[in-house]
Amino acid sequence: MSSVDMETIVSLCKRRGFIFQSSEIYGGAGGCWDYGPLGAELKRNVKEAWWKAMVHDRDDVVGLDASILMNPQVWVASGHVQQFSDPLVDCKACKSRFRADHLKGDKCPDCGGELTEPRMFNLMFKTFMGPVEDDAAVVYLRPETAQGIFVNFQNVMSTSRKKLPLGIAQVGKSFRNEINTGNFIFRSREFEQMEMEYFVKPGTDDHWFQHWLEQRFNWYVKLGIKKENLRLRPHAKEELAHYAKGCYDVEYLFPMGWSELEGIANRGSYDLEQHSKFSGKDLSVFEEETKERFVPYVIEPSAGVDRSVLAFLLDSYHEEVVEKEKRVVLRLHPALAPIKVAVLPLSRNEKLVPLATEVHASIRGCFMTQYDDSQSIGRRYRRQDEVGTPYCVTVDFQSIEDKQVTIRDRDSLHQIRIPIDTLRATLLAKLGGEDFDVLPPGGSLVTGGKSQLG
Ligand code: ATP
C-alpha cells in the first residue's frame, strides 16, 4: 500500500495549492473539487501524458473533443436513461442516504437504524435546453465521454482516411449525481475521464483486448506507480454488462483498499448497433480487401483523470530523515511534476539578482519553472521537494566568477556544477529521462551534495 494516509495527502494538497474544496468560502459544494495552481499543472500533465501515449505516439488512434450536451436520444440508445441507476436506501432514523450495493449489513452504518427498501436512482444530471423548462427540453450532462465517440464514428472514419483498427480518444468532463461521494477526489460528482474506443474487426477483438490491458497497465508503471500497488482484476460474470465479452479493472491499492482506476472492456458491437438502431444510420464498415461488411467491435480503456492524479500523489509521497530533519518529497515522474525546475539565488543580494534572473530567463519557455528567492536555501529546497520539483538550480556568488550553477537532484540529492551556457541543454536532456549523473562538457560533481539541505 502507499505508505501515506489520505488525511496527509488532503492536507498537503490544500496547504500547497494542489486541490481545494469547491466554493469553499460558501461551505463547499458536495463532491466537487477545484484544482489550485499546482494541481492544475499536475492534472494537465496527467492528461498530456495520456494523450501522448494514446494519440501522438500511435498511428492508429486519433483525437476528438465532443460537446458535453448531446441529443437526449443518445442516452436512450446507450441504455443510460433506463439503466444508469444505483440502488438508493435511506436510514429511517438518521435520514442518511447510501448506495445499497456498497453496504455490508442491512442496518444504517452511521447509527444502526432501519433502512428503507432500495429504490433505483438515475445518476444523470438533468438540465433544460432553451428557455422553456418542460419535458421536451430535458437534456443531460454527459455521464461518460464515450458516447461522443460512438456518435462520431462515421464522421471520423470518413474524414481521417484511416482503416480499422482505429481508435478515437477523448478527454473531458463527465458528471454523475453519485449518492455518496468521498475519499477525496476518488468519487466526485464532476470529474474528468480519459476514454478511448478502439474499433476492430470482429474476430481480432481478443488480441486487441490483451494489447490494451498490457498497454494501460504499463502506462501507470512507466509514470512511476509501483507495480506492487497496481493490479488487473477480471470482472466476475455477474459484474459484466450483458453485452460485454470481457472486462478488467486496473486497480490501485488506495488507503481505503484496492479500488478502480480504469476499466478496460471488450464491448462487442453493442454501442454501434444501438446507435444504428436508434438513429436509423448504417454504422457498418466495408473492408475493401475481403469485400466484407461488418459492424466493428470495440475495446474501451476508460480511465479517470482525478483518480489517476490521486494515485500519482499517494504513490510518490515519501517521508525520510536527512541530516536529522524530516524531509517530505513527492517523487513524481518528471513528466508529471507541476514545476520542472526551480531557480534559486543563494540570497537576495543585489549582486546575485541580475545573474539569477538571466539564468531563469534562459530556461523558461522550455518547461514550467519557478523563481524563488524567499527564506533560507534549505527551506526553499524542502518546499520544492514537497511539491515534487525534480531539479533546483542554485545561483551563488561563485557563479558570478565562474559562470557556473549547481543543479540539485530531488531524489538522489546529488549536486552537479555546470557551465550556465550548457544549463538549458542539460536540463532538457535530464527531463527527457536521461541519467542524472551524466555530466555535460565542463561539468563536475559537487561533493557533499546533501549539505545545503539544512
Ligand atoms: P465505480 O464502480 O467506482 O463507480 P464505474 O465502474 O462506474 O466506477 P466507469 O463507468 O467504468 O466507472 O468509468 C470509468 C472511469 O471513470 C473509472 O474507472 C473512474 O476512474 C472514473 N470515474 C467514474 N466515476 C467517477 C466518479 N464519480 N468520480 C471520479 N472518477 C470517476
Side-chain angles (χ1 to χ4, degrees), residues 6 19 21-22 29-35 39 43 46-47 50 54 68 75 78-80 83-88 98-103 120-125 140-150 169-197 212-213 216-217 219-220 225 230-236 238-241 243-244 246-254 256-267 270-271 298-314:
M6 196 74 95
I19 300 165
Q21 206 184 2
S22 161
C32 299
W33 299 92
D34 295 346
Y35 287 77
K43 196 182 186 199
V46 168
K47 291 188 278 185
W50 185 89
M54 302 299 275
I68 289 173
W75 307 108
S78 69
H80 283 81
Q83 282 155 17
F84 194 58
S85 308
D86 282 337
L88 169 72
F98 306 97
R99 245 175 89 168
D101 57 331
H102 280 180
L103 292 179
M120 293 316 274
F121 169 76
N122 195 295
L123 299 187
M124 283 198 292
F125 278 96
Y140 303 96
L141 299 189
R142 68 179 177 200
E144 59 173 41
T145 61
Q147 299 305 322
I149 298 176
F150 294 126
Q170 167 156 240
V171 177
K173 290 265 182 171
S174 291
F175 304 83
R176 296 182 188 180
N177 200 358
E178 299 277 358
I179 296 169
N180 297 119
T181 57
N183 289 317
F184 196 28
I185 52 173
F186 180 85
R187 187 177 301 285
S188 44
R189 295 200 168 96
E190 174 177 342
F191 53 96
E192 265 187 281
Q193 291 184 308
M194 306 180 282
E195 296 196 294
M196 198 266 292
E197 307 301 327
W212 285 110
L213 289 178
R216 294 305 307 144
F217 187 89
W219 183 79
Y220 295 98
I225 302 253
L230 271 183
R231 72 176 186 193
L232 272 172
R233 185 184 67 81
H235 275 206
E238 54 291 358
E239 272 181 283
L240 276 182
Y243 49 82
C247 186
Y248 279 73
D249 284 347
V250 183
E251 294 188 333
Y252 178 73
L253 193 48
F254 284 96
M256 66 280 188
W258 287 104
S259 312
E260 176 180 338
L261 270 180
E262 167 163 357
I264 303 163
N266 180 345
R267 301 178 60 89
Y270 176 78
D271 307 276
V298 165
I299 311 298
E300 176 192 76
S302 168
V305 178
D306 312 79
R307 287 187 191 180
S308 301
V309 166
L310 184 57
F312 286 124
L313 284 168
L314 287 161

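Counting starts at 1 for both ligands and their atoms, in listed order.
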Which residue supplies the protein heavy atom nearest to [atom], what is that atom called, and how far is it?
{"atom": "atom 21 (C) of ligand 1", "answer": "Gly304 CA, 3.8 Å"}
{"atom": "atom 14 (C) of ligand 1", "answer": "Ser302 OG, 3.0 Å"}
{"atom": "atom 19 (C) of ligand 1", "answer": "Arg307 NH1, 3.5 Å"}
{"atom": "atom 3 (O) of ligand 1", "answer": "Arg187 NH2, 2.9 Å"}
{"atom": "atom 29 (C) of ligand 1", "answer": "Phe186 O, 3.1 Å"}
{"atom": "atom 6 (O) of ligand 1", "answer": "Glu260 OE1, 3.1 Å"}

Sort out for me which residue in Asn177, Leu141, Leu123 forms a side chain to side chain contact (heavy atoms under 4.5 Å, CB included) with Arg189.
-> Asn177
Near Arg176, which atoms of ligand 1 are under 4.0 Å from a heavy atom of that residue?
-> 5 (P), 7 (O), 9 (P), 10 (O), 12 (O), 13 (O), 23 (C), 24 (N)
Qualifying residues under salt bridge (Lys or Arg N to Asp or Glu O under 4.0 Å), relative to Arg233, sequence neighbours excluded = Glu239, Asp249, Glu251
From the options Glu300, Glu144, Gln193, select the one whose nearest heavy atom is closest to atom 13 (O) of ligand 1.
-> Gln193
Measure from atom 25 (C) of ligand 1 to every heavy atom in Phe191, Phe84, Phe175 and give the option owning the shortest one.
-> Phe191
Assess the pair Trp33 and Phe184: is the distance between their ring centroids shorter than 6.0 Å?
-> yes
Can the ring centres of Phe254 and Phe186 be said to be less than 6.0 Å apart?
-> yes
What part of Glu262 sits under 4.0 Å from ligand 1 if we count only heavy atoms: the side chain, the backbone, both or neither?
-> backbone
Would you kindly specify which portion of Leu261 sits under 4.0 Å from ligand 1, judged on non-hydrogen atoms: side chain, backbone, both or neither?
-> backbone
Over 12 foreign heavy atoms within 6.0 Å of OH, Tyr270 | yes
